[in-house]
Amino acid sequence: MKPTEILMHEHRVILSVLDAAEREAGSIRRTGRVREVTVRELLDFLSNFADKCHHAKEENLLFRKMAERGMPAGSGPIAVMLREHEEGRSYIRDIGRLLPEAAKGDGDALDGIADALESYAKLLRDHIVKEDNVLYPMADHMLTPEDQAGLAESFEEIERKEMGGETHQRYLDLALELFEGTVSHT
C-alpha cells in the first residue's frame with residue numbers, strides 16, 4: 001500500500017471521529033451539559049491518533065520528502081497543511097482548557113467546547129479534502145517508488161515509536177466506539 005493510501009485510510013477513521021465530535025457539540029447545545037468522558041476520549045483520540053501518529057507521518061516524513069523532491073515547504077500546499085495542523089491543535093488545547101469548567105456547568109465553557117468541536121471538525125473535513133484530492137495526488141506523482149517504499153517503512157516505525165504495538169489498534173477501536181456512541185460513561 002502506498003503511503004498516501006495509508007494516510008487516506010487514516011482519514012476515514014478520523015472522519016468517523018469528527019462525526020462523533022459534531023454529535024457531542026450538538027448534545028452540549030441541546031442539553032446544556034457536557035459528557036466529560038466522551039470529550040476526554042475525543043481529546044485522547046484527536047491528540048494522539050490524529051496528531052501524534054497521523055500528522056507526524058505527514059509533517060515529519062511525507063511533507064519533508066516532498067520538499068526534497070522540489071515542493072516548497074514554506075509556501076503553497078505544504079505550508080497551508082502545516083498551518084491548518086497548528087490551527088487544529090489550538091482547538092484541541094481550547095477544549096482541554098475549557099473542559100473542567102464545562103463539567104461544572106459553566107455556560108461559557110460549554111459554548112466554547114461546542115464551538116471548538118464544530119470548528120475543529122469543519123477545519124479537518126476541509127483539510128482532508130485538500131490532502132486527498134490535491135496534495136496526495138501531487139505526492140504520488142513526484143515521489144519515486146523508492147521514496148514510497150521508504151515512507152511506508154517509516155510510517156510503520158512511527159506507529160511503533162509513537163503509538164506502541166497495540167496502541168494503534170486501541171485507537172481504531174476507540175474511533176469505532178466514538179462513532180457508534182458506545183463510549184462508557186461510567
Side-chain angles (χ1 to χ4, degrees), residues 1-18 20-21 40-97 116-117 119-176 178-179:
M1 185 179 301
K2 292 189 295 190
T4 53
E5 292 170 335
I6 294 167
L7 294 170
M8 289 173 73
H9 173 72
E10 290 176 358
H11 280 168
R12 304 292 76 78
V13 175
I14 292 167
L15 286 167
S16 74
V17 173
L18 296 179
R40 288 198 187 285
E41 295 287 15
L42 285 165
L43 286 172
D44 181 25
F45 179 89
L46 297 171
S47 296
N48 290 300
F49 183 87
D51 197 36
K52 287 183 182 172
C53 181
H54 178 80
H55 290 159
K57 290 174 185 174
E58 292 174 337
E59 292 175 3
N60 300 331
L61 299 168
L62 179 66
F63 296 172
R64 287 183 182 174
K65 185 57 74 175
M66 291 175 75
E68 284 176 23
R69 295 292 175 245
M71 180 172 281
S75 63
I78 292 175
V80 170
M81 297 301 104
L82 292 171
R83 195 168 42 254
E84 289 177 359
H85 287 179
E86 283 304 316
E87 185 179 348
R89 290 177 185 121
S90 177
Y91 289 127
I92 296 303
R93 285 190 299 272
D94 288 347
I95 295 165
R97 177 180 52 78
L117 286 169
S119 295
Y120 182 86
K122 179 176 180 357
L123 171 74
L124 246 61
R125 286 184 190 286
D126 293 345
H127 179 85
I128 287 169
V129 167
K130 290 181 237 178
E131 285 183 338
D132 285 356
N133 296 306
V134 178
L135 189 69
Y136 292 171
M138 293 169 86
D140 287 338
H141 180 72
M142 68 190 320
L143 299 176
T144 68
E146 293 78 21
D147 292 338
Q148 301 267 6
L151 283 170
E153 284 180 31
S154 296
F155 282 9
E156 289 178 20
E157 187 174 325
I158 280 188
E159 285 185 20
R160 281 192 304 275
K161 283 185 178 177
E162 292 297 324
M163 306 304 290
E166 296 160 10
T167 308
H168 192 266
Q169 185 59 48
R170 182 177 78 78
Y171 280 109
L172 294 177
D173 294 342
L174 177 57
L176 183 60
L178 287 163
F179 178 73

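Values below: every heavy atom of this structure, side chains too, minus hydrogens, waters and symmetry copies.
Shortest non-hydrogen contact noted between Ala139 and Leu62 is CB-CD1, 4.0 Å. For the residue pair Tyr120 and Ala50, the shortest heavy atom distance occurs at OH-CB, 4.3 Å. Between Gln148 and Leu143, the closest heavy-atom pair is NE2-CB, 4.0 Å. Pairing each heavy atom of Leu151 with each of Pro3, the nearest pair is CB-CG, 3.5 Å. What you find for Ser154 and Leu61 is that their closest heavy atoms are CB-CD1, 3.6 Å. For Leu42 against Ala20, the heavy-atom pair with the smallest separation is CD2-CB, 4.1 Å.
Between His85 and His55, the ring planes lie parallel to each other; the angle is under 30°, not in the 30° to 60° tilted range.
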Test log, rule side-chain contact (heavy atoms from CB on, under 4.5 Å), inputs Val17 and Phe179: CA-CA 6 Å; Val17 173; Phe179 178 73; over 6 Å; no
message: As a quick check of understanding, evaluate side-chain contact (heavy atoms from CB on, under 4.5 Å) for Ile6 and Lys57, giving each step before the final call.
response: CA-CA 10 Å; Ile6 294 167; Lys57 290 174 185 174; 4.3 Å; yes
- prompt: Passes side-chain contact (heavy atoms from CB on, under 4.5 Å), Ser119 versus Leu123? Steps please.
  reply: CA-CA 6 Å; Ser119 295; Leu123 171 74; over 6 Å; no
message: Assess the residue pair Lys130 and Asp126 against the criterion (salt bridge (Lys or Arg N to Asp or Glu O under 4.0 Å)); give the C-alpha distance rounded to whole Å, side-chain angles, the decisive distance to 0.1 Å, and a yes or no.
response: CA-CA 6 Å; Lys130 290 181 237 178; Asp126 293 345; over 6 Å; no
- request: Decide side-chain contact (heavy atoms from CB on, under 4.5 Å) for Glu156 and Glu153; before the verdict, give the C-alpha distance in whole Å, the side-chain angles of both, and the deciding distance to 0.1 Å.
  value: CA-CA 5 Å; Glu156 289 178 20; Glu153 284 180 31; 5.8 Å; no
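The pair Glu86-Arg83 does not meet the salt-bridge criterion, since no charged nitrogen lies less than 4.0 angstrom from a carboxylate oxygen. Of the charged side-chain nitrogens involved, at least one lies within less than 4.0 Å of a carboxylate oxygen, so that Asp132 and Arg12 count as a salt-bridged pair. With salt bridges taken as basic N to acidic carboxylate O contacts below 4.0 Å, none links Arg170 and Asp173. Of the charged side-chain nitrogens involved, none lies within less than 4.0 Å of a carboxylate oxygen, so that Lys52 and Glu59 do not count as a salt-bridged pair.
For the atom pair NE2 (His54) and CD1 (Ile14), the distance works out to 4.5 Å, reported to the nearest 0.5 Å. Rounding to the nearest 0.5 Å gives a distance of 12.5 Å between CE of Met138 and CD of Glu131. Summarising the geometry, atom CE belonging to Met1 is positioned 11.0 Å from atom CE belonging to Met8; distances are rounded to the nearest 0.5 Å. One distance of note links NE2 of His127 with CG of Leu135; it measures 8.5 Å at 0.5 Å rounding. A distance of 4.5 Å separates CG in Leu46 from CD1 in Ile92, rounded to the nearest 0.5 Å.
Residues satisfying the ring-ring contact (aromatic ring centres under 6.0 Å, His included) criterion with Phe45, sequence neighbours excluded, are Phe49. In terms of the side chain to side chain donor-acceptor pair (under 3.5 Å) criterion, Glu5 has no residue partners (sequence neighbours excluded). Legend: residues meeting ring-ring contact (aromatic ring centres under 6.0 Å, His included) with Tyr136, ordered by chain and number and at least two apart, are His11.
Side-chain N or O atoms of Asp147 include one that pairs as donor or acceptor with a backbone N or O of Thr144 at under 3.5 Å. At distances below 3.5 Å, at least one donor-acceptor pair connects side-chain atoms of Ser16 with backbone N or O atoms of Val13. Not a single donor-acceptor pair under 3.5 Å links the side chain of Asp44 to the backbone N or O of Arg40.
Exactly one of Glu58, Met71, Glu68 qualifies for a side chain to side chain contact (heavy atoms under 4.5 Å, CB included) with Phe63. That residue is Glu58.
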